[in-house]
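These notes concern the structure reproduced below.
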Amino acid sequence: MHPYDHKRVEKKWQKVWTTTKLYRTSDTLPVTSDKCYVLDMFPYPSGDGLHVGHPKGYIATDVYSRLKKMRGHTILHPMGWDAFGLPAENYAIKNKIHPEVAVKKNIKRFKEQLGLLGFNYDWEREINTTDPAYYKWTQWMFLQMFHIGLAFQSNEPINWCPSCKTGLANEDLEDGACERCGSVVEKKAIPQWVLRITDYADRLLLGLDTLDWPEYIKESQRNWIGRSEGAEIKFKVKSLKLKVEEEIKVFTTRADTLFGATYLVVAPEHPILKKLEALSSNFEEVKGYQNQTRQKTEIERTAEGKEKTGVELKGIKAINPANKEEIPVWVAEYVLADYGTGAIMAVPAHDERDFQFAKKYKLRVREVVARNIGEYTQYLEQQTIAREMDLSKLVSVYEIPPFTGTGQAMWSGQFDGLSSEEAKKKITEFVGGKTLTKYKLRDWVFSRQRYWGEPIPLIHCPKCGVVPVPEKDLPVKLPKVESYEPTGTGESPLAKIDKWVNVKCPKCSGPAKRETNTMPQWAGSCWYYIAYCLRENLKSQKPNSKQFSNLNSQKSKRILKKWLPVDMYVGGAEHATRHLIYARFWHKFLFDIGVVETEEPFQKLQNVGLILASDGRKMSKRFGNVVNPDEIVERFGADSLRVYEMFMGPFNQAVAWNSDSLVGSRRFLERVWKLRERAVKRGAPELSITLSALMHQTIKKVGDDIEGFRFNTAISSLMILLNAFEGEQLISTNTYETLVTLVSPFAPHLSEELWEHLGHKKSIYKESWPTYDERIALSAPITITVQVSGKTRGSFSTTRGKSKEEVKEMALALPAVEKWVTGKVIKTVIVVPDRLINIVVL
RNA sequence: GGGCACGUGGCGGAAUUGGUAUACGCGUACGGCUCAGAACCGUAUCCCGUAAGGGUUGAGAGUUCGAGUCUCUCCGUGCCCACCA
């Protein structure tokens, strides 16, 4: 037999797989088969091509789906391209190529590279988010949102990246900077299309409980959504000069501390400040403060040692509705304008931030929640005396840190003694506040002032207002232009293309203008897993057509019902609070309008751990530490690369690349190959009980481990089995075939070649996974460890199922054990069946 | 500051979930094959000790017949969120 020549083998089988359409998935499911939809987060095709880190997740889904297929599932495993967005456009501008050309080129390169690795993708279902046939439906979905008011126009100031020259969503920020380019983000007020994702906040939260996702991803989504239940309470404003009717609404989660509110704080951007201007005696100062904050970036406002700043709004007081006390009103940037009501009641005794602020500006601190029973008892004793004293006696020193926990209410009139929970309800009721729920999650700013995105399919008519583009006119194609660089004015580059912008109003036929903003990068990835399902559907209608069938049709719904939800979704953890929230929101909307029948898009999720460079840093062109998969495939073969990446360490953990270790995987495959020489149809002795037991244990372990994404231990158990087989002079072909089958998900080319050598005509991909026989797996002799008082003193071999007495007898018969036991009193004997005996002596 | 992980040989890591710690692989050493090298094959490889034996999972304590695994304190590392009232 030939030596293992990976180049010949891999080329050969990749060709065969393509010509025989081995990996094509039909929408016609056999009735007896369970579907299994295995999905990779589709890549953004960058100009740099793949490095060895990229395919790790793809290898995993490939191995996983091959196992599923061999276990009788009908699998759907597609791939496509997320090609709209800033990176593509910035790359294009830098290299002076039109994004469309760049994307085409990059996709071609990516596809070639992926092709070298022997994946079982059904390429007939390939999709590309920049394909007008695709984004026609992205636009269609946007229009459905528009119709029911889920997409709305806003003029609120939004995050603006001065370098990318576009507005951004909250999710696009990292530490107050643009996630893409790192520039510090500013606030800018420009007309925006916004999606009301906050309407779905509760469902996004509740749905998490039904998902089989890593706990920390679910937890970060919970934090991102940031639900908090609280109360809205009104404070009347009193002017020293005039009689006024103004009031300030605050939001609090701790209404129980209302008696401890010693001042109010209003965000500098709060609209009420305009109304209060006339009443204030120091409004110039307040204006100065407002200007100061306006000029600061998000980073400056939140960083700089967290020193809080603010100014008092003099000339007015607010009245605490609980005790009618007059308290000062401050303007400070530590209160955020866009959360809650943009104003808070400050309770320095029970809030860290209020405390810091009060300390700096020497504001009063009043404790109204007892830390413990002792403190409460003490309060009761002092109460009578204290009541007759001035309230200022109750002001604490600033050295005692604030108590932010819950406890019994004190200094709170008739609410004294109530638990914080009860006090919240009762005090809210008492002051006529209303309970409500707020979220940290913000609505999704959906407009980008850039060229390379899906045009938003709306038309602005001076007579009719905003008019949706009629469905029959979709897609609104992105016009081909010479110059697509961002303008920086807050207008999209599309605005300059008169021919494209000026249209007839679909309603009144009068002159009108197109919306020139485009959709964000994330739009296309919100439904691509749906698009894969519908790909073949339309192909069968019109061969080679690039159209997708009507998403709203009965036929589409039938097919989606068949495939959704995605059973296994694999990708990087960096999408935890971006793509994974957006897509869940989008999917829930599609559920509401009846396109899909499941509430959630992705049932199971696994996170890929990064492959770092050998220097421990991220692989990046910038650091010059990138390893190119093409070279590894050339030298060692795709199968070796696949085995190595799965063997490196736990799948979801970051591991540094080590080219030296790779030879271990290569050796493993060579030895599997060479073992063929010892495999004979007739004349091999029967496998020993120990070996056949090991084989069946391995069958179980490899299957279980792949299902659980523990690829590293699956491979190590295959190595153990191989080592054991290598100790034999001859093995039967059947035994060898089992080994080859177990290896095949990891090394499909090699296995396919060996399978053919063994005389099979059918692809190994179509074989079934070996059956595990528990009786055989448990039939091998076992070793029982003998401990004396917890110290291991020996071991003996026996069969399973021995009774406690039998085990004890055998253990005591061992000379090594006898030595430690004679002359001692046996206190107890602990037996772990089939594993261990511990003889405890005095 | 908050939340979540985690800490095992020279290195990547395993440990049936409380039951023989260091599986599997890399590396290293010696030997074989070779004119020589690469590749390959074999043997060895946590520490102390000739041995019997003893010690060892970041440090210390606790629970237990028994702890890498559970609890507490400390030290260290990584990731995520970060003025959300």
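Everything quoted here is computed from the prediction, not taken from an experiment. All values below were derived from every heavy atom in this structure, side-chain atoms included, with hydrogens, water molecules and symmetry-related copies excluded. Every chain is numbered from 1, with letters handed out A, B, ... down the list of sequences.
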**Complete:** Paired to B:A85 by Watson-Crick or G-U wobble criteria (both distances under 3.5 Å) is none
**Message:** Counting only side-chain nitrogens and oxygens, does A:Asn723 get under 4.0 Å of the OP1 or OP2 atom of B:G25?
**Reply:** yes
**Worked check of ring pair (Phe, Tyr, Trp, His ring centres under 6.0 Å) between A:Phe647 and A:Phe711** = CA-CA 6 Å; A:Phe647 185 59; A:Phe711 305 107; over 10 Å; no
**Asked** To the nearest Å, how far apart are A:Glu645 CD and B:G13 P?
**Response** 15 Å
**Message:** Let's test your reading of the model: under 3.5 Å, does the base of B:G1 pair with the side chain of A:Glu352 as donor and acceptor?
**Reply:** no
**Residues A:Arg222, A:Asp209: salt bridge by 4.0 Å N-O rule** = yes
**Request:** Please work out if A:Thr785 contacts a base, only the sugar-phosphate, or nothing of the nucleic acid, heavy-atom cut-off 4.0 Å.
**Result:** base
**Request:** Return yes if the base of B:C65 and the side-chain atoms of A:Lys827 contain a donor-acceptor N/O pair under 3.5 Å, otherwise no.
**Result:** no
**Request:** May I ask you to evaluate whether A:Lys218 reaches the phosphate of B:G3, defined as a side-chain N or O under 4.0 Å from OP1 or OP2?
**Result:** no
**Pairing partner of B:G62 (Watson-Crick or G-U wobble, both distances under 3.5 Å)** = B:C70
**Rounded distance in Å - CZ (A:Phe355) to C1' (B:G1)** = 15 Å
**Message:** With a 4.0 Å cut-off on N to O distance, would you call A:Glu726 and A:Arg671 a salt bridge?
**Reply:** yes
**Asked** A:Thr783 or A:Arg254: which one's nearest nucleotide on RNA chain B is closer to the 5' end?
**Response** A:Thr783
**Message:** Determine whether a donor-acceptor pair (one donor, one acceptor, N or O, separation below 3.5 Å) exists between the side chain of A:Arg835 and the base of B:U20.
**Reply:** no
**Request:** Would you indicate, yes or no, if B:C26 has its OP1 or OP2 atom less than 4.0 angstrom from a side-chain nitrogen or oxygen of A:Arg666?
**Result:** no
**Message:** Please report the distance, rounded to the nearest Å, between CG in A:Asn712 and C1' in B:G13.
**Reply:** 8 Å
**Message:** Both distances below 3.5 Å, Watson-Crick or wobble geometry, any strand: find the nucleotide opposite B:A51.
**Reply:** none
**Asked** Touch check for A:Val335, heavy atoms < 4.0 angstrom, all strands: base, sugar-phosphate only, or nothing?
**Response** base
**Asked** Which part of the nucleic acid, if any, lies within contact of A:Ser795, taking any heavy atom under 4.0 Å across all strands shown: a base, the sugar-phosphate backbone alone, or nothing?
**Response** nothing
**Message:** Quick check on B:C26: is either OP1 or OP2 less than 4.0 Å from any side-chain nitrogen or oxygen of A:Arg667?
**Reply:** yes
**Message:** Just the rounded figure in Å: distance from P of B:C65 to CG of A:Leu836.
**Reply:** 14 Å
**Request:** Provide, to the nearest angstrom, the distance between the CZ atom belonging to A:Arg227 and the P atom belonging to B:A85.
**Result:** 12 Å
**Request:** Give a yes/no answer on whether the side chain of A:Gln653 brings an N or O atom under 4.0 Å of OP1 or OP2 in B:G13.
**Result:** yes
**Request:** Can you tell me the distance, in whole Å, between the NZ atom of A:Lys701 and the P atom of B:A14?
**Result:** 10 Å
**Prompt:** A:Trp820 has an atom CH2; how far is it from atom C1' of B:G54, in whole Å?
**Reply:** 10 Å
**Request:** May I ask which nucleotide in the shown strands pairs with B:G37, Watson-Crick or G-U wobble, both distances under 3.5 Å?
**Result:** none
**Request:** In plain terms, say whether A:Arg227 and A:Glu229 are close enough for a salt bridge, that is, a side-chain N and a carboxylate O under 4.0 Å apart.
**Result:** yes
**Request:** May I ask which nucleotide in the shown strands pairs with B:C4, Watson-Crick or G-U wobble, both distances under 3.5 Å?
**Result:** B:G78
**Request:** Could you check which nucleotide pairs with B:C26 in any of the strands shown, counting Watson-Crick or G-U wobble with both distances under 3.5 Å?
**Result:** B:G10
**Message:** At less than 4.0 Å, is any side-chain N or O atom of A:Lys819 found next to OP1 or OP2 of B:G53? Yes or no.
**Reply:** yes
**Message:** Would A:Arg666 pass as a cation-pi partner of A:Phe636, given that its NZ or CZ must be under 6.0 Å from the six-membered ring centre and within 45 degrees of the axis?
**Reply:** no
**Prompt:** A:Phe651 ring centre to A:Lys56 NZ or CZ under 6.0 Å, with the angle to the axis within 45°?
**Reply:** yes
**Message:** For a quick test of reading the model: is some side-chain N or O of A:Tyr216 closer than 4.0 Å to OP1 or OP2 of B:G3?
**Reply:** no
**Request:** For B:C6 and B:U64, measure between their P atoms and round to the nearest Å.
**Result:** 26 Å
**Request:** Rounded to the nearest angstrom, tell me the gap between atom CZ in A:Arg793 and atom P in B:U20.
**Result:** 16 Å
**Message:** Rounding to an integer number of angstrom, what distance separates B:G10 and B:C80 when you compare their P atoms?
**Reply:** 30 Å
**Asked** Is any side-chain nitrogen or oxygen of A:Ser789 closer than 4.0 Å to OP1 or OP2 of B:G66?
**Response** no
**Request:** Please determine if A:Lys7 and A:Asp5 form a salt bridge, counting it only when a charged side-chain N lies under 4.0 Å from a carboxylate O.
**Result:** no
**Message:** I'd like the C1' distance from B:C72 over to B:A82, given in whole Å.
**Reply:** 29 Å
**Request:** Classify the nucleic acid contact of A:Arg671 as base, sugar-phosphate or nothing, counting any heavy atom under 4.0 Å across all strands shown.
**Result:** sugar-phosphate
**Item:** Aromatic A:Tyr772 / basic A:Lys700 pairing, under 6.0 angstrom, 45° off normal
**Value:** yes
**Complete:** Any strand, both distances under 3.5 Å, Watson-Crick or G-U wobble: B:U20 pairs with none
